[in-house]
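Computed from a predicted model, the values in this text were never measured in an experiment. Order of the sequence lines sets the chain letters (A, B, ...), proteins ahead of strands, with each chain counted from 1.
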Amino acid sequence: MNKKRITGVALTLALLCAAPAMADEAMTVEDLQANLNVVWTSVAAFLVMFMQAGFAMVEAGLTRSKNTVNILMKNIMDFSIGSIGFFFIGFGLMFGQKAMGGWFGTTDFLLSGVAIGSEGWETQWDWTFLIFQTVFAATAATIVSGAMAERTKFVSYLIFSAVISVFIYPVFGAWAWGSLLHEDAGGWLEGMGFMDFAGSTVVHSVGAWIGLAGAIVLGARKGKYGPDGSPKAIPGHSMALAALGVFILWLGWFGFNPGSTTFGDGMIGYIAVTTNLSAAGGAVAAMFTSWAIFKKADMSMTFNGALAGLVSITAPCDVVSPIGALIIGLIGGALVVFSVTFIDRVLKVDDPVGAVSVHGVCGAWGTLAVGLFALEEGLFYGGGISQIGIQLVGVLVAFVWAFGAGLILFSILKATVGLRVSEDEELKGLDIGEHGMEAYTGFQIFVTQ
Amino acid sequence: MNKKRITGVALTLALLCAAPAMADEAMTVEDLQANLNVVWTSVAAFLVMFMQAGFAMVEAGLTRSKNTVNILMKNIMDFSIGSIGFFFIGFGLMFGQKAMGGWFGTTDFLLSGVAIGSEGWETQWDWTFLIFQTVFAATAATIVSGAMAERTKFVSYLIFSAVISVFIYPVFGAWAWGSLLHEDAGGWLEGMGFMDFAGSTVVHSVGAWIGLAGAIVLGARKGKYGPDGSPKAIPGHSMALAALGVFILWLGWFGFNPGSTTFGDGMIGYIAVTTNLSAAGGAVAAMFTSWAIFKKADMSMTFNGALAGLVSITAPCDVVSPIGALIIGLIGGALVVFSVTFIDRVLKVDDPVGAVSVHGVCGAWGTLAVGLFALEEGLFYGGGISQIGIQLVGVLVAFVWAFGAGLILFSILKATVGLRVSEDEELKGLDIGEHGMEAYTGFQIFVTQ
Amino acid sequence: MNKKRITGVALTLALLCAAPAMADEAMTVEDLQANLNVVWTSVAAFLVMFMQAGFAMVEAGLTRSKNTVNILMKNIMDFSIGSIGFFFIGFGLMFGQKAMGGWFGTTDFLLSGVAIGSEGWETQWDWTFLIFQTVFAATAATIVSGAMAERTKFVSYLIFSAVISVFIYPVFGAWAWGSLLHEDAGGWLEGMGFMDFAGSTVVHSVGAWIGLAGAIVLGARKGKYGPDGSPKAIPGHSMALAALGVFILWLGWFGFNPGSTTFGDGMIGYIAVTTNLSAAGGAVAAMFTSWAIFKKADMSMTFNGALAGLVSITAPCDVVSPIGALIIGLIGGALVVFSVTFIDRVLKVDDPVGAVSVHGVCGAWGTLAVGLFALEEGLFYGGGISQIGIQLVGVLVAFVWAFGAGLILFSILKATVGLRVSEDEELKGLDIGEHGMEAYTGFQIFVTQ
Amino acid sequence: MKLIIAYIQPEKLNAVKQALYERDVTKMSVTNALGCGQQGGFHESYRGVDIEVNLLKKVRIEIAVNDDYAKPTIDAIIAGAKTGKIGDGKIFVVDLADCIRIRTGEIGSAAIG
Amino acid sequence: MKLIIAYIQPEKLNAVKQALYERDVTKMSVTNALGCGQQGGFHESYRGVDIEVNLLKKVRIEIAVNDDYAKPTIDAIIAGAKTGKIGDGKIFVVDLADCIRIRTGEIGSAAIG
Amino acid sequence: MKLIIAYIQPEKLNAVKQALYERDVTKMSVTNALGCGQQGGFHESYRGVDIEVNLLKKVRIEIAVNDDYAKPTIDAIIAGAKTGKIGDGKIFVVDLADCIRIRTGEIGSAAIG
Ligand SMILES: Nc1ncnc2c1ncn2[C@@H]1O[C@H](COP(=O)(O)OP(=O)(O)O)[C@@H](O)[C@H]1O
Ligand SMILES: Nc1ncnc2c1ncn2[C@@H]1O[C@H](COP(=O)(O)OP(=O)(O)O)[C@@H](O)[C@H]1O
Ligand SMILES: Nc1ncnc2c1ncn2[C@@H]1O[C@H](COP(=O)(O)OP(=O)(O)O)[C@@H](O)[C@H]1O
């Protein structure tokens with residue numbers, strides 16, 4: 001039977017006769033709120049899904065044209081493999097009833113407890129929750145590709161991307177967000193009072209610390225550091241794509257943060273305001289900071305700054321004032337410039353798109369900012385220092401877990417399938433080496449590095 | 001009077017006084033559900049409209065830079081002409097009361113029965129339904145431009161694009177979806193029990209079979225086949241645009257499939273899950289299939305695979321399990337690789353972007369998959385073979401109608417205004433020939449074919 | 001406390017127990033409508049925000065590759081600075097209680113009257129209203145960058161962009177839309193009966209007239225006019241980006257116009273229909289007009305035409321019939337071709353992307369069209385000529401205010417920090433001059449002007 | 001030794017390469033160029049303003065050959081590129097004073113092939 | 001016959017073409033090039049790291065002429081390209097051993113124009 | 001005077017520039033080119049159809065030098081570009097009949113440096 005037809009008819013009836021057309025028993029206001037929550041959360045999930053396009057464009061734009069096909073393939077594959085893997089394994093690990101005192105879930109794999117097609121199926125919340133969580137998991141995974149761009153073996157990438165989506169991300173997620181589906185399935189971190197509303201740490205830092213581990217194990221791109229260790233610029237091939245990507249991400253974040261209410265009420269608008277102010281602050285601060293330091297208003301820093309503001313406000317977006325949000329964004333934006341420079345020059349870790357700074361460092365900053373700016377718990381509002389202590393624990397645990405798991409994972413891959421492409425392939429470009437094609441046929445491209 | 005002000009005021013009042021501010025008679029829960037349906041269906045329609053950008057980017061990216069302006073013009077014009085034509089003629093043909101036992105509609109042109117500005121106008125469903133159906137019609141039309149890219153005369157394109165939107169698509173639509181507006185206006189195919197929830201056949205196959213007819217009547221692009229008939233590669237000019245397009249389409253599909261409920265409840269999330277799993281499966285399967293056959297993970301095949309998964313799940317998205325959806329997508333993704341190769345090498349039909357394989361072949365597959373995987377009617381779930389028989393009838397009828405009407409239409413155009421540009425124009429590029437300009441001024445582009 | 005968890009739980013409860021889980025007192029249907037309005041208005045705001053990406057792509061695509069970084073920087077900065085400035089100052093000026101008989105607001109800066117975190121906070125409308133109005137303000141500001149592209153000093157741009165968002169736009173907004181937040185805070189123009197539903201004049205014309213003033217004060221780009229004053233073509237560098245931008249804007253307009261109801265009911269669908277028909281009409285009319293005049297179907301005119309249709313229908317979208325909307329769009333599309341040519345050849349004002357024609361001229365046309373086509377007030381529907389008189393007043397006032405304020409502002413800047421880059425910088429490109437980098441590293445780009 | 005420089009229509013490159021291969025000339029260097037010659041330009045327009053385009057896309061081939069190969073090489077280029085229509089292109093021949101293979105340091109005729 | 005190769009500033013191309021036309025030199029081939037000479041490079045930076053850019057955009061013109069046209073051609077290029085600022089460019093003159101028009105097979109001086 | 005034309009691997013450009021600077025050769029012009037030589041091409045494929053790519057990316061350097069600079073220049077190019085692997089490239093030397101500096105009108109040897 002064609003549901004579409006039925007609803008069409010039902011609607012027509014409802015409108016024509018003004019009789020309760022939908023239900024055996026009358027629909028209640030609460031049912032409707034539940035339906036509204038579904039609509040809102042679904043739309044938010046779609047916006048977050050679209051962030052994949054944003055990441056793809058940013059990462060492609062900030063790398064060289066000889067590696068464009070490769071980075072695009074990585075982006076579509078991490079989302080595809082992640083969507084499947086999270087459905088089978090990750091979701092249950094993260095949201096199922098917890099084993100061993102809140103360390104990981106053991107139920108709800110494939111949402112198997114939810115009968116399909118049965119009575120009341122059409123008003124189910126769980127599927128909407130699943131798609132929303134799936135796109136979050138994919139976000140964490142996709143962050144890694146940026147930090148490891150232009151030199152990672154494709155087959156290795158597929159493997160570790162799967163591991164991130166089915167294991168590293170959901171396990172940490174279980175600790176911090178385990179109770180989102182079943183109230184009594186909470187993880188140990190949230191049990192302590194750790195606050196990370198939309199995932200500064202859970203999603204962004206986790207992804208970034210894995211990426212950091214990857215960038216370290218891989219080593220820098222050929223030509224990134226001179227013989228004397230001085231960093232060289234390897235400019236990306238399209239600032240237009242990079243900018244487009246950032247705008248798409250900014251849009252997607254309105255799904256990410258306000259969507260994390262998973263509830264259709266005025267908080268959506270409020271969180272949209274804090275999110276937007278922080279992003280704007282990030283862009284402004286990064287621009288002026290880069291201008292002051294480098295004597296030019298640097299574009300890639302400015303756009304990174306907007307992302308920095310967005311990552312920073314992800315954890316505190318629902319508990320801070322708009323002014324607080326703006327300050328958090330401004331600091332995030334300044335921070336990202338220093339962090340990129342520090343990682344590039346001092347740590348000498350080669351992160352082509354600045355993913356570690358944007359998602360890792362600013363993710364940590366945003367998480368800590370909860371302890372400072374939260375209207376109830378924050379230090380600056382008389383909430384004392386206990387919350388910031390808890391936040392610090394969460395930040396550190398995320399680092400240890402994600403960076404540690406990443407190091408182990410990448411070391412194993414390095415020793416087995418190999419993590420890095422050959423020198424010759426890196427020189428010619430991964431597009432030809434891994435995929436046997438070029439991204440911009442016909443265009444005369446002149447790359448001497 | 002300014003509606004905006006009124007609603008603003010009404011809202012303020014509603015919030016301040018908590019009194020029923022909207023209505024002479026009290027609003028009911030059913031009224032609200034109707035409003036929620038409007039919001040959801042409108043948002044879904046906008047997402048589907050955005051697929052036009054996706055198609056434009058995919059088609060531009062997979063063709064040569066000398067034809068970019070032309071393909072972009074075709075994309076905006078099919079949407080524009082289609083929107084107008086469907087409003088005047090197509091909509092009534094499709095959804096009006098049916099003449100002659102369900103063959104086509106004869107009422108509701110311009111939604112003329114719906115009084116504008118009258119009592120209750122603001123709660124009308126019909127306009128939302130119209131915009132939703134308009135963007136669907138435009139999707140069918142736009143598929144054709146890809147299959148006929150890089151050699152079709154622009155003026156001919158405008159003509160046949162209009163014919164598709166006002167006649168070929170809506171007539172078939174009347175048969176399969178005729179009752180969506182008026183319950184008693186059903187077409188003969190749906191009367192038989194044909195199931196195509198969101199249009200694997202109605203939208204995608206119909207568009208693709210017309211495109212197939214067009215590609216055949218046109219003949220291959222110069223240089224596509226060697227003197228011995230061996231296919232040559234004519235690489236597209238921007239994999240970045242192509243990838244962006246696929247991500248946009250993937251997003252748009254969350255309007256296409258879940259939106260086809262036109263109803264705000266939990267089915268949105270469920271269909272989003274099946275849709276996403278199938279898309280992911282399609283990408284993964286296409287990648288591994290291309291890898292196995294061509295020894296390289298082919299990018300354009302992988303991205304085509306995601307679309308293949310999306311097209312495949314479009315018909316069955318509401319009646320299959322997530323696992324079923326994943327399998328449907330995996331098969332669709334593998335299928336598209338073989339189909340592209342088969343059409344290219346054996347049929348020797350030149351379809352630059354793979355539209356026939358993606359939308360036609362996988363559309364047929366998805367429609368048949370209903371008969372196999374539907375939880376109630378599907379063969380694999382004990383539903384017997386009757387449904388698959390009905391689905392087969394629908395698939396064949398779509399082919400005969402769309403391919404046949406296409407052949408006639410293109411043959412007439414060929415004999416009159418002419419369907420194909422001159423050899424010289426094809427060589428120089430349609431951008432210069434048809435539009436007197438280039439797409440990438442300043443860029444050194446080196447095309448030797 | 002983690003709101004996310006609570007709502008998740010609440011939902012689960014609501015679904016499992018079907019008990020009123022949300023509230024101390026029972027939620028009413030009106031509460032729900034308010035929640036639905038929040039969801040809809042927020043989604044609409046996000047779509048409008050995404051128009052920033054559209055503007056960025058259109059402006060980048062229609063200018064030369066040596067100025068791409070600069071135009072992208074301008075786009076992100078006007079949104080960022082605008083978001084912050086509008087929050088602090090613009091919003092209150094526009095929507096606060098009016099001083100001096102409706103000239104500007106003096107309250108509600110930072111929405112300071114709205115207690116954060118208090119009882120009922122979560123159902124607040126004001127924040128949603130703020131984010132929606134913020135993205136509108138940013139739209140007005142961003143229009144200016146197109147008209148002044150390829151020669152404006154970056155630091156000057158930052159300054160005047162801020163002035164537009166915090167002063168020029170909100171003051172005019174106060175006159176026409178002042179009552180949207182507080183019913184009794186209406187401005188003098190709306191008091192007269194001026195109708196501009198979604199901002200043909202308030203947003204688009206205001207932005208464009210400022211841009212016109214800027215383009216005049218700046219003077220034309222080097223090489224734009226020959227020694228004899230004949231206009232030269234300076235083709236943009238990427239029609240693909242320009243087209244993508246237009247599609248994004250078209251999508252965004254479904255937030256702009258239907259979103260301006262800020263109310264979730266059937267008017268959304270209705271306005272979507274009128275908006276879409278007008279856009280389609282604009283594209284079609286512009287194409288055929290350019291074809292007739294220039295003998296070629298000009299792409300940039302066609303895409304400008306779609307925008308012209310969209311701008312034209314912005315004021316009258318809620319009060320005209322679909323046929324009326326189509327006609328308005330057709331006229332707008334034809335108008336834009338003549339206007340671009342007129343401004344280019346006769347006025348000899350150099351507007352690289354046609355912003356003055358698209359947003360200014362068509363904005364004025366759309367505003368006047370209310371007086372002609374409005375089903376109640378319109379001349380063609382027996383409404384007499386009084387409304388068109390009022391509309392004309394609004395159009396003229398907008399011109400005088402925006403163009404005048406712009407002239408003053410730009411003259412001051414010219415005399416102080418300087419408005420235009422040096423000749424040498426203009427030649428080399430603003431990307432290198434202002435930002436020390438190039439947009440397309442590696443690509444061989446051959447620009448001889 | 002001679003350095004042969006040829007400007008041809010872009011779409012003839014494959015045919016020229018083919019013709020060269022048949023005459024055992026397998027080394028060459030190719031760049032893209034814009035040519036201005038007898039072949040008429042054409043009009044483009046942008047936003048209603050005409051543009052006279054008289055720099056047309058060409059391919060530039062550079063081939064260093066020993067003297068006895070000069071004639072066959074020229075013949076091959078003509079064979080591959082000639083259509084008889086204006087715009088077919090030109091071949092320029094320059095004396096080559098010396099030639100060095102970077103890899104081996106060979107010089108003169110030995111280095112050319 | 002001479003082959004004249006000139007490197008000029010990109011924005012001077014139109015002026016040079018104009019000057020050549022006035023002297024009846026209507027055939028030429030143009031490529032884009034990067035030049036390194038006396039003209040100072042400039043600094044770019046990317047993500048805070050400096051890049052020394054000393055390959056500047058130039059246009060390369062190649063014109064084959066009969067001997068008596070060499071001087072006017074060179075004069076025309078100078079007339080069109082000279083600003084007196086460093087970076088104006090260079091002209092190189094090479095003896096042309098032969099010239100063939102592909103379309104007709106004409107050779108030598110007859111083929112040049 | 002000599003005009004030295006060298007085709008090298010793109011990634012060797014910086015090394016060659018370095019080597020030239022060390023020998024006081026600071027002026028040159030660079031274009032991108034596609035080379036076909038002894039170095040094997042490779043396979044690409046697109047949508048399952050193979051493409052034989054035998055035009056490989058190269059960089060073309062053009063340097064005008066006085067006769068006594070010819071040898072050091074060639075040596076420098078070899079020093080910077082040589083890896084010993086096929087594809088390293090070639091150097092062609094052509095007699096330069098004349099050289100003019102556009103800015104000053106200087107001619108001959110004086111104009112070269
Ligand atoms: N004297 C010349 N100097 C440099 N390039 C030339 C000269 N004559 C012709 N060319 C090149 O050859 C191309 C074809 O020349 P053209 O005169 O159009 O054709 P044809 O040789 O068939 O008469 C030109 O576009 C230009 O690139
Ligand atoms: N010896 C040379 N060999 C090759 N190209 C040269 C040589 N000298 C100059 N050029 C080219 O000419 C351009 C201008 O030279 P430059 O020395 O900067 O200016 P000027 O001639 O005004 O002193 C350079 O960028 C380069 O492309
Ligand atoms: N005879 C030739 N004429 C023109 N260019 C040549 C010639 N021989 C070599 N080249 C250029 O030099 C490049 C390197 O030549 P190749 O034979 O591959 O390497 P190697 O010199 O190491 O044997 C080629 O790709 C081509 O660009």
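Residue Phe50(B) touches chain A through its side chain alone, counting heavy-atom pairs closer than 4.5 Å. Contact of Leu47(B) with chain A is made through the side chain alone, with heavy-atom distances under 4.5 Å. Both the backbone and the side chain of Asn75(A) have a heavy atom closer than 4.5 Å to some heavy atom of chain B. For a residue to count as touching a neighbouring chain, one of its non-hydrogen atoms must lie under 4.5 Å from one of that chain's; by this rule Tyr440(B) touches chain A with the side chain only. Only the side chain of Ala56(A) comes within contact range of chain B, judged by heavy atoms closer than 4.5 Å. Only the side chain of Ala306(B) comes within contact range of chain A, with heavy atoms under 4.5 Å apart. Using a 4.5 Å cut-off between heavy atoms, Val29(A) touches chain B through backbone and side chain atoms alike. Contact of Leu251(B) with chain A is made through backbone and side chain together, with heavy-atom distances under 4.5 Å. Contact of Val284(B) with chain A is made through backbone and side chain together, with heavy-atom distances under 4.5 Å. Contact of Ile71(A) with chain B is not made at all, since no heavy-atom distance falls under 4.5 Å. The contact between Leu32(B) and chain A is made by backbone and side chain atoms together, counting heavy-atom distances below 4.5 Å. Only the side chain of Leu244(A) comes within contact range of chain B, with heavy atoms under 4.5 Å apart. Contact annotation for Phe443(B): only side-chain heavy atoms (C-beta onward) come within less than 4.5 Å of a heavy atom of chain A. Only the side chain of Ile248(A) comes within less than 4.5 Å of a heavy atom of chain B; its backbone N, CA, C and O stay farther away.
Here Ile76(A) is the residue among Ile116(A), Ile131(A), Ile76(A), Val69(A) with the most heavy-atom pairs under 4.5 Å with chain B. Contact count against chain B (heavy-atom pairs under 4.5 Å) is highest for Met73(A) among Met77(A), Met73(A), Glu438(A), Glu434(A). No other option in Ala283(B), Ala44(B), Gly309(B), Ser238(B) has as many heavy-atom pairs under 4.5 Å with chain A as Ser238(B).
In summary, the aromatic rings of Phe79(A) and Phe247(B) are positioned with their centroids too far apart to meet the 6.0 Å limit. Here Tyr270(B) and Trp121(A) bring their ring centres to under 6.0 angstrom of each other. For an aromatic pair to be called close, the ring centres must be under 6.0 Å apart, and Phe136(A) with Phe256(A) satisfies this.
Between the CE atom in Met287(B) and the CD1 atom in Ile81(A) there is a gap of 5.5 Å [rounded to 0.5 Å]. Separating the CE atom in Met239(B) from the OG1 atom in Thr68(A) is a distance of 10.5 Å, to the nearest 0.5 Å. Note: Asp265(B) CG to Trp125(A) CH2 = 13.0 Å, rounded to the nearest 0.5 Å.
Checked against side chain to side chain contact (heavy atoms under 4.5 Å, CB included), Ala243(A) has the following partners two or more places apart in sequence or in another chain: Met299(A), Phe303(A), Leu72(C).
Nearest heavy atoms, Thr128(A) versus Gly266(B): OG1-O, 4.3 Å. What you find for Leu62(B) and Ala242(B) is that their closest heavy atoms are CD2-CB, 4.0 Å.
Paired with Phe129(B) under the rule side-chain contact (heavy atoms from CB on, under 4.5 Å), one option of Leu180(B), Thr41(B), Asn37(B) passes, and it is Leu180(B). For the side chain to side chain donor-acceptor pair (under 3.5 Å) with Thr275(B), the qualifying choice from Thr314(B), Asp318(B), Asn257(B) is Asn257(B), the only one to do so.
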